[in-house]
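Read through the structure below, which is laid out as C-alpha cells, and then see the notes.
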Amino acid sequence: MARYTVFLYHPTSQATTGPEQLQAEMAEHDAHGKELLDEGVMIFGSPLEDHDATTSIRADSLVDGPFVEVDEVIVGFYVIEVPDLDAAIAVARRNPIIHQGGGVEVRPMTVGEAGVHGSVPA
C-alpha cells in the first residue's frame, strides 16, 4: 500500500459568510473524515488554523503570516493509505471542499530506507 497526503485548498476570496455556513461545511468534512476512517483508508487528518496564523521561516527571516501572497491557501490535510495513485485520486475527488469552491492536491509520500513513512503513525 502507498501513502498519499491530500491537501485541501480554499480560495482566499471566498471567505465563509457566517457561522451557520461554516458549521454546515465543517459537518460535511467531519462526515467525510468518518467515512474515510470507516473505510480504513485515512491514517490521519486535520483542519488548519487560518492562514494568517502562519509563521514562515526562511534562512534569513522569520515572517508572521504567509511568506507569499496567494489566491488559495491550504486549510487542511489528511494522509491516506491506498493501493495506488488512481485510488488516492478517487478518494480525494470525494472531498466536500471541491463543491465548496476549493480544491485538493494529492501528493505521494516518500518511503525511507527502513520502510518508514516519515513520522506518521502506522
Side-chain angles (χ1 to χ4, degrees):
M1 295 290 252
R3 285 194 180 172
Y4 297 85
T5 300
V6 179
F7 296 99
L8 310 181
Y9 287 87
H10 200 269
T12 56
S13 63
Q14 290 183 349
T16 302
T17 57
E20 288 110 15
Q21 181 179 350
L22 178 60
Q23 186 175 13
E25 289 177 358
M26 291 308 296
E28 273 190 282
H29 286 280
D30 290 345
H32 179 66
K34 182 178 179 338
E35 192 176 279
L36 297 181
L37 284 170
D38 290 347
E39 292 171 11
V41 298
M42 185 164 70
I43 305 298
F44 176 79
S46 180
L48 299 172
E49 290 291 334
D50 188 82
H51 74 285
D52 291 337
T54 300
T55 300
S56 297
I57 303 168
R58 297 296 189 265
D60 59 351
S61 65
L62 182 68
V63 179
D64 287 334
F67 194 75
V68 295
E69 290 295 321
V70 293
D71 294 333
E72 294 183 319
V73 294
I74 299 173
V75 295
F77 70 96
Y78 53 97
V79 175
I80 57 176
E81 190 167 59
V82 293
D84 55 32
L85 179 59
D86 289 337
I89 291 170
V91 169
R93 281 181 194 250
R94 296 175 13 216
N95 193 284
I97 202 157
I98 293 170
H99 73 261
Q100 294 172 353
V104 297
E105 175 183 323
V106 177
R107 189 176 303 180
M109 296 177 69
T110 60
V111 179
E113 289 181 25
V116 176
H117 292 275
S119 61
V120 177

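- Taking the side-chain contact (heavy atoms from CB on, under 4.5 Å) definition, one finds that A87 meets it with V82, P83, D84, sequence neighbours left out.
- Residue F44 holds its CZ atom at 14.0 Å from CG of L36, rounded to the nearest 0.5 Å.
- Interatomic distance, Q23 CD to E20 CD, rounded to the nearest 0.5 Å: 8.0 Å.
- Looking at Y78 and S46, their side chains never come closer than 4.5 Å, going by heavy atoms from C-beta outward.
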Scan the side chains in residues 99-107 for donor-acceptor partners under 3.5 Å anywhere in the protein, sequence neighbours excluded, and list what turns up.
residue : atom : partner : partner atom : Å
H99     : ND1  : P96     : O            : 3.4
H99     : NE2  : E28     : OE1          : 3.4
H99     : NE2  : E28     : OE2          : 2.8
Q100    : OE1  : H29     : NE2          : 2.9
Q100    : NE2  : E28     : OE1          : 2.9
E105    : OE1  : Y9      : OH           : 2.7
E105    : OE2  : R107    : NE           : 3.1
E105    : OE2  : R107    : NH2          : 2.5

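- Screening residues 89-100 for salt bridge (Lys or Arg N to Asp or Glu O under 4.0 Å) gives E35-R94, E39-R94 as the qualifying pairs, with residues at least two apart or on separate chains.
- Side-chain atoms of V75 and L48, non-hydrogen and from C-beta on, never get closer than 4.5 Å to each other.
- At a threshold of 4.5 Å between non-hydrogen side-chain atoms, the residues V91 and V6 do not count as touching.
- Between D30 and K34, no side-chain nitrogen of the basic residue sits less than 4.0 Å from a carboxylate oxygen of the acidic one, so the salt-bridge criterion is not met.
- In terms of heavy-atom proximity, M42 sits nearest to G33 at CE-O, 3.5 Å.
- Here CD1 of I80 is found 12.0 Å from CG of L37. Values are rounded to the nearest 0.5 Å.
- Residues passing the salt bridge (charged side-chain N to carboxylate O under 4.0 Å, His left out) test with D50: none are found, sequence neighbours excluded.
- Residues that satisfy the side chain to side chain donor-acceptor pair (under 3.5 Å) test with D60, not counting sequence neighbours, are absent from this structure.
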